[in-house]
Amino acid sequence: MTGTPRGALHEDLPDPVRAPASDEDPLPAPGTPHRDREQQVLDRIARARRRKPVVREERITLAHGAGGKATQTLIQAVFLEAFRNPLLAPLEDGATLRTGDARVAFTTDSFVVSPLFFPGGDIGDLAVNGTVNDLAMCGARPAYLAAGFILEEGFPVADLRRIAASMAAAATAAGVEIVTGDTKVVQRGKADGCYVTTTGVGLLERPAELSVAHARPGDAVIVSGPIGEHGAAIMLARGDFGIEAPIVSDTAPLHGIVAALLDALPGRVRALRDATRGGVATILNEVASASGVSVVAEEEALPVRPEVTGVCELLGIDPLYVACEGRFVAVVDGGHAERAVEVLRGHPLGAGAAVIGTVRDDPPGLVLLRTAFGGTRIVDLLVGDPLPRIC
């Protein structure tokens with residue numbers, strides 16, 4: 001996590017929940033000492049971000065799977081470089097395809113969570129819900145899933161039955177069918193029990209074109225409920241810290257609450273992303289970078305349950321970077337933010353929905369957080385991986 005010198009970038013920022021930036025609420029005039037100091041920081045960041053992504057490590061590290069800077073560099077420098085095409089280039093949660101007169105969304109995801117069973121769920125329902133949610137973030141109605149299993153020799157059949165039953169129940173709850181799949185077994189010690197990959201197809205039944213590249217100054221940034229619960233539940237389930245707290249994963253299918261939002265605000269929802277690896281902070285950075293805008297968030301507006309806050313404070317982890325599996329970030333036309341929150345709170349999965357910030361035009365590509373102490377800091381992408389294998 002990076003930050004600016006204390007006092008920089010905060011005196012003249014508008015309240016992101018109150019209103020977007022305007023002519024009456026400007027940044028300091030160029031030429032002032034404050035502006036000069038701030039501009040030096042912003043210029044250095046801009047230069048660094050213009051460099052072509054390069055994977056400098058000779059071997060893959062856990063950080064490459066954390067959803068932060070290392071992940072983005074790996075995707076852009078290796079996979080996007082090799083597979084580049086117009087459908088892949090947006091790097092959304094899924095691809096939107098046309099077949100005949102139909103529009104479909106297509107996505108895939110792999111799950112290596114440890115432990116396999118945790119408070120509130122297991123790798124089975126996580127695999128179903130995670131893929132259902134990626135389709136939902138495209139604005140699609142999930143329809144069909146494929147499931148692939150990599151099993152380690154010696155893995156208990158009883159545990160596999162339990163995972164399969166959990167997947168079946170989650171698919172039924174989400175209204176999808178698992179229609180094909182694959183199974184591979186590797187030698188003992190060559191895996192970690194069970195890995196699951198799920199691929200999903202969904203139907204795009206609305207004309208909405210959702211993308212993190214569509215955010216505009218004045219838009220509101222909303223989260224659908226309390227954040228950080230899944231990551232915190234996984235941390236505690238591992239038993240490495242000797243901490244006990246009543247935290248369960250928020251894993252859940254989100255297509256129902258997303259449909260309610262899109263139907264209530266046609267044409268007013270710019271982007272949707274589920275806040276999994278890298279948490280809400282990563283999503284906000286993706287919005288800022290893809291749209292060439294800044295996102296100004298309010299720390300006191302972030303919905304975080306006290307138990308999650310307490311665990312994160314004990315472990316020195318910011319809840320903004322902790323994964324969710326049943327929450328999403330929505331970028332909505334600022335004039336319809338109150339209605340959006342009203343709709344989300346009317347759904348069982350959106351009781352804690354809140355506006356957490358606004359989009360503005362400057363400084364482009366950055367996420368700024370106004371802290372509870374009145375200062376402002378830059379919220380950057382994760383550099384390392386404090387929470388490996390949370391999904």
Side-chain angles (χ1 to χ4, degrees), residues 1 16 49 65-72 75-76 90-94 107 109 129-130 133-139 210-216 219-231 250-252 254 257-258 261 269-299 301-304 308 317-332 337 340-341 344 349-350 352-360 364-369 378-383 385-387 390-391:
M1 205 181 308
R49 291 185 172 182
K69 287 186 176 180
T71 302
Q72 291 202 356
I75 290 171
Q76 293 173 7
L91 295 179
E92 298 289 347
D93 280 342
T107 190
D109 207 347
N129 290 338
N133 292 347
D134 281 348
L135 294 170
M137 297 305 108
C138 299
L210 304 172
S211 172
V212 289
H214 292 171
R216 307 173 188 173
D219 286 346
V221 180
I222 300 171
V223 294
S224 64
I227 64 174
E229 294 177 2
H230 175 73
D250 59 4
T251 176
L254 294 171
I257 187 173
V258 166
L261 179 65
V269 181
R270 316 280 195 219
L272 298 170
R273 280 287 175 93
D274 54 337
T276 54
R277 292 182 305 168
V280 170
T282 295
I283 305 306
L284 300 185
N285 272 278
E286 290 173 351
V287 170
S289 177
S291 294
V293 297
S294 70
V295 176
V296 183
E298 178 72 46
E299 186 174 45
L302 294 171
V304 188
V308 174
I317 297 173
D318 189 335
L320 268 172
Y321 293 91
V322 180
C324 312
E325 287 292 345
R327 310 288 185 226
F328 65 91
V329 176
V331 180
V332 176
V341 171
L344 294 177
L349 294 177
V355 176
I356 64 167
T358 56
V359 176
R360 56 184 292 174
L366 290 184
V367 177
L368 307 176
L369 180 74
I378 294 175
V379 177
D380 206 353
L381 290 169
L382 279 171
V383 175
D385 188 6
L387 304 172
I390 47 81
C391 62

query = Within a strict 4.5 Å, meaning less than it, do heavy atoms of the Asn285 and Asp380 side chains meet?
reply = yes
query = Quick one: does Ile222's side chain get under 4.5 Å of Ile356's, heavy atoms only?
reply = no
ask   = Listed by chain and number, what are the salt bridge (charged side-chain N to carboxylate O under 4.0 Å, His left out) partners of Asp274, not counting sequence neighbours?
value = none
ask   = Should His230 and Arg327 be marked as a side chain to side chain contact (heavy atoms under 4.5 Å, CB included) after you check the CA-CA gap, both sets of side-chain angles, and the distance that decides it?
value = CA-CA 10 Å; His230 175 73; Arg327 310 288 185 226; over 6 Å; no
Shortest non-hydrogen separation from Gly231 to Val322 and the atoms involved = CA-CG1, 3.6 Å
key: Trace of the side chain to side chain contact (heavy atoms under 4.5 Å, CB included) decision for Val331 with Val269   = CA-CA 6 Å; Val331 180; Val269 181; over 6 Å; no
message = Give me the atom names and distance for the closest heavy-atom approach of Val332 to Ala340.
response = CG1-CB, 4.2 Å
task = Starting at CG of Leu91, measure out to OG of Ser289 and round the result to the nearest 0.5 Å.
result = 10.0 Å
Exam field: side chain Arg270 to backbone Ser211, donor-acceptor pair closer than 3.5 Å = no
remark   = Rounding to 0.5 Å, atoms CG (Asp219) and OG (Ser291) come to a distance of 8.5 Å
Val221 side chain near Thr358 side chain, heavy-atom distance below 4.5 Å = no
inquiry  = For a 4.5 angstrom cut-off between non-hydrogen side-chain atoms, does Val379 reach Leu368?
reply    = no
ask   = Do you know the tightest heavy-atom contact between Ala354 and Ala301?
value = CB-O, 4.0 Å
ask   = Can you tell if the side chain of Leu344 reaches within under 4.5 Å of the side chain of Phe328, non-hydrogen atoms only?
value = yes
inquiry  = Pair Arg216, Val359 - check side chain to side chain contact (heavy atoms under 4.5 Å, CB included), show working.
reply    = CA-CA 6 Å; Arg216 307 173 188 173; Val359 176; 5.8 Å; no
message = Test your reading of the model: is there a side-chain donor-acceptor pair from Ser224 to the backbone of Gly350, 3.5 Å cut-off?
response = no
Reported CG-to-CG distance for the pair Leu382 and Asp318, which is rounded to 0.5 angstrom = 9.0 Å
task = Using modelled atom types only, decide if a donor and an acceptor are shared between the side chain of Glu92 and the backbone of Val212 within a distance under 3.5 Å.
result = yes
request  = Please list, chain by chain and in numerical order, all residues satisfying salt bridge (charged side-chain N to carboxylate O under 4.0 Å, His left out) with Asp93, sequence neighbours excluded.
outcome  = Arg273
